[in-house]
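Quick note on labels: first sequence line is chain A, next is B, and so on, each numbered from 1.
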Protein chains: 2
Amino acid sequence: MSLRYALLAILRVGPLSGYDLAKQFAQSVGHVWHAPDSQIYPELRKMEAEGLVEGEQQARGERGHRRLYHVTPAGDAAFTDWMAAPLDYQRVRDPAHLRAAYLEATTPDAARAFLRAHRAQWQSELEQWEGELVRIDTVTNPMLARRIAVTAEQDRERTIAYKRFTYEGLVARARIEIEWAERGLALVDRLSDDPDAGPAGGR
Amino acid sequence: MSLRYALLAILRVGPLSGYDLAKQFAQSVGHVWHAPDSQIYPELRKMEAEGLVEGEQQARGERGHRRLYHVTPAGDAAFTDWMAAPLDYQRVRDPAHLRAAYLEATTPDAARAFLRAHRAQWQSELEQWEGELVRIDTVTNPMLARRIAVTAEQDRERTIAYKRFTYEGLVARARIEIEWAERGLALVDRLSDDPDAGPAGGR
DNA sequence: TAAATCATGTAAGACGTTACATGATTGC
DNA sequence: GCAATCATGTAACGTCTTACATGATTTA
């Protein structure tokens with residue numbers, strides 16, 4: 001249900017074709033809300049049918065074409081309504097913590113492999129998000145630059161501050177996950193050191 | 001795809017009816033993987049069709065009945081295979097951070113309402129998970145107690161340690177989300193204090 | 001005898017994934 | 001002329017949500 005608002009957020013900056021939108025999406029809001037092209041095109045059509053965006057067919061060469069979408073007043077209202085409405089939180093569904101709860105059922109090696117993969121996963125997210133933070137500070141992200149260009153000067157600080165705030169949150173979460181995986185690796189070591197009766201445990 | 005492994009994890013402790021399983025589920029693994037009854041019953045049937053569990057129809061009174069499920073060797077193997085296989089991470093899809101990225105598009109009051117709700121949401125999760133930590137330490141959680149009862153003594157420490165590790169991770173994450181929301185509230189205050197040209201910002 | 005709870009679902013639809021399909025145009 | 005990339009999807013399938021449906025048994 002959030003996909004359309006992610007799309008509206010981008011389109012509000014200026015009209016784009018589905019293709020360009022998908023590219024911009026991937027390097028901006030896609031960092032917090034992933035969507036493949038195969039979901040974006042149909043959603044745009046659906047939004048058009050509901051009057052949130054308007055598509056304008058354009059010729060491109062002899063028989064090529066593309067559809068340029070722009071936000072309608074209704075689309076703008078839908079976006080601001082969503083911003084003011086309570087967010088619906090999904091129920092917890094966390095495969096990593098599910099598995100962690102049963103690590104005693106596997107070998108120490110498998111447990112380590114899982115925890116190392118978890119660390120690597122979040123390390124890679126962390127790098128993405130830290131990269132974004134740099135691009136926010138330097139206004140290097142193309143999406144943000146476009147947005148800043150159409151934003152009144154007195155609103156620029158706020159725009160940038162909230163972007164920064166968002167990515168700081170993501171970075172903090174990634175760090176927590178990495179630390180957790182590392183504590184897990186230490187725990188596996190400790191528990192597999194003394195298999196039955198060491199000085200600290202066993203009974 | 002993880003639901004069946006969550007179900008297997010519980011059934012491995014001992015046979016249960018779908019009804020009992022759903023209850024136990026909610027107060028143990030349901031803290032990390034939510035599933036409604038309407039998903040559990042069909043999944044059990046599907047798992048039975050695939051030979052992972054076996055259901056035994058039992059009479060209950062005159063014409064009542066219930067179906068007692070137990071894990072087959074194939075189900076056990078499926079579980080341990082899953083434990084040893086790489087976990088597939090879902091792509092990021094985070095409505096709260098999506099909204100946070102565009103808070104400049106709404107009023108300070110709406111921004112505050114969102115951030116307070118976010119804090120409340122994670123505060124409530126935090127309480128759940130901290131409660132679980134206490135029930136782990138005191139072996140008060142009925143699921144854990146059943147599991148410990150059927151676990152060889154030298155494996156009990158590990159079983160408890162991994163449960164604790166899991167919930168510690170969840171607690172840490174909840175705290176991070178709460179802190180983030182609080183930093184956000186402070187940010188809204190700062191940004192709405194000086195609407196156009198204060199000493200620290202504006203231009 | 002009425003309420004609680006035991007017991008098991010179905011049905012419709014939204015959302016998301018994966019893989020595949022197709023053709024035009026631009027740059028080398 | 002060929003590759004890259006521009007451009008837009010469809011189709012099938014799986015998961016999850018929400019709401020509803022039904023009846024039996026136990027306990028107060």
Side-chain angles (χ1 to χ4, degrees), chain A residues 1-7 11 15-27 29-30 32-50 52-53 55-69 82 87-95 98, chain B residues 1-7 11 15-27 29-30 32-50 52-53 55-69 82 87-95 98:
Chain A
M1 199 70 266
S2 294
L3 174 58
R4 59 176 50 195
Y5 303 106
L7 296 177
L11 281 181
L16 285 172
S17 67
Y19 183 82
D20 288 333
L21 175 54
K23 300 303 133 185
Q24 303 261 11
F25 192 94
Q27 60 185 261
V29 76
V32 293
W33 193 276
H34 168 81
D37 299 1
S38 66
Q39 214 186 343
I40 291 177
Y41 285 114
E43 184 66 22
L44 281 170
R45 287 289 185 173
K46 240 177 90 189
M47 289 162 73
E48 187 172 18
E50 292 174 41
L52 306 182
V53 298
E56 186 195 340
Q57 196 82 359
Q58 290 188 326
R60 178 170 168 273
E62 282 301 302
R63 70 192 92 200
H65 54 84
R66 57 187 229 138
R67 202 166 176 78
L68 199 68
Y69 290 97
W82 177 74
L87 201 61
D88 61 323
Y89 286 84
Q90 350 262 119
R91 314 303 287 269
V92 195
R93 203 166 279 119
D94 184 334
L98 171 59
Chain B
M1 200 69 266
S2 293
L3 174 57
R4 58 176 51 193
Y5 303 106
L7 297 176
L11 282 181
L16 285 172
S17 68
Y19 184 82
D20 288 334
L21 175 54
K23 300 303 132 188
Q24 302 261 13
F25 191 94
Q27 58 184 263
V29 74
V32 293
W33 194 275
H34 168 81
D37 299 1
S38 66
Q39 213 186 344
I40 291 177
Y41 285 114
E43 184 68 21
L44 281 169
R45 288 288 184 171
K46 240 176 90 189
M47 288 162 73
E48 188 172 15
E50 292 175 40
L52 305 182
V53 298
E56 185 193 344
Q57 196 81 1
Q58 289 188 328
R60 177 166 169 275
E62 284 301 302
R63 69 191 94 200
H65 54 84
R66 56 187 228 136
R67 202 165 177 78
L68 200 67
Y69 289 98
W82 178 73
L87 200 61
D88 61 321
Y89 286 85
Q90 350 261 119
R91 314 303 288 268
V92 195
R93 202 165 280 116
D94 184 335
L98 170 61

What nucleic acid atoms does A:Lys46 come within less than 4.0 Å of, heavy atoms only: base, sugar-phosphate, or nothing?
sugar-phosphate

Counterpart residues, side chain to side chain contact (heavy atoms under 4.5 Å, CB included), relative to B:Arg45 (two or more places apart)
B:Glu48, B:Arg67, B:Tyr69

Tell me every residue that passes side chain to side chain contact (heavy atoms under 4.5 Å, CB included) with A:Gln27, counting only those two or more places apart in sequence or in another chain.
A:Pro142

Could you run down the sub-3.5 Å N/O contacts of the protein with nucleotides 2-4 of chain D?
none

Residues two or more places apart in sequence or in another chain: which of them pass side chain to side chain contact (heavy atoms under 4.5 Å, CB included) with B:Pro36?
B:His34, B:Ser38, B:Gln39

So which one's nearest nucleotide on DNA chain C is more toward 5', A:Ala35 or A:His65?
A:Ala35

Partners meeting side chain to side chain contact (heavy atoms under 4.5 Å, CB included) with A:Asp94 (sequence neighbours left out):
A:Val92, A:Ala96, A:His97, B:Leu170, B:Arg173

How long is the line joining CZ of B:Arg4 and P of D:dG14, in whole Å?
11 Å

For B:Tyr5 and D:dT15, what is the distance between atoms OH and P respectively, to the nearest whole Å?
10 Å

Between A:Gln90 and A:Gly18, just flag the one whose closest nucleotide in DNA chain D comes earlier from the 5' side.
A:Gly18

Closest-nucleotide 5' rank along DNA chain C - winner of B:Pro42 and B:Asp20:
B:Asp20

Might you work through the side chain to side chain contact (heavy atoms under 4.5 Å, CB included) test for B:Glu50 and B:Arg4, ending with a clear yes or no?
CA-CA 11 Å; B:Glu50 292 175 40; B:Arg4 58 176 51 193; 3.0 Å; yes

Using a heavy-atom cut-off of 4.0 Å to chain A, what are the terminal contacting nucleotides of DNA chain C, in 5' to 3' order?
C:dC15 to C:dT25

Rounding to a whole Å, what distance do you find between B:Asp37:CG and D:dT18:C1'?
13 Å

Length of the CD-C1' vector between A:Gln39 and D:dC13, whole Å:
14 Å

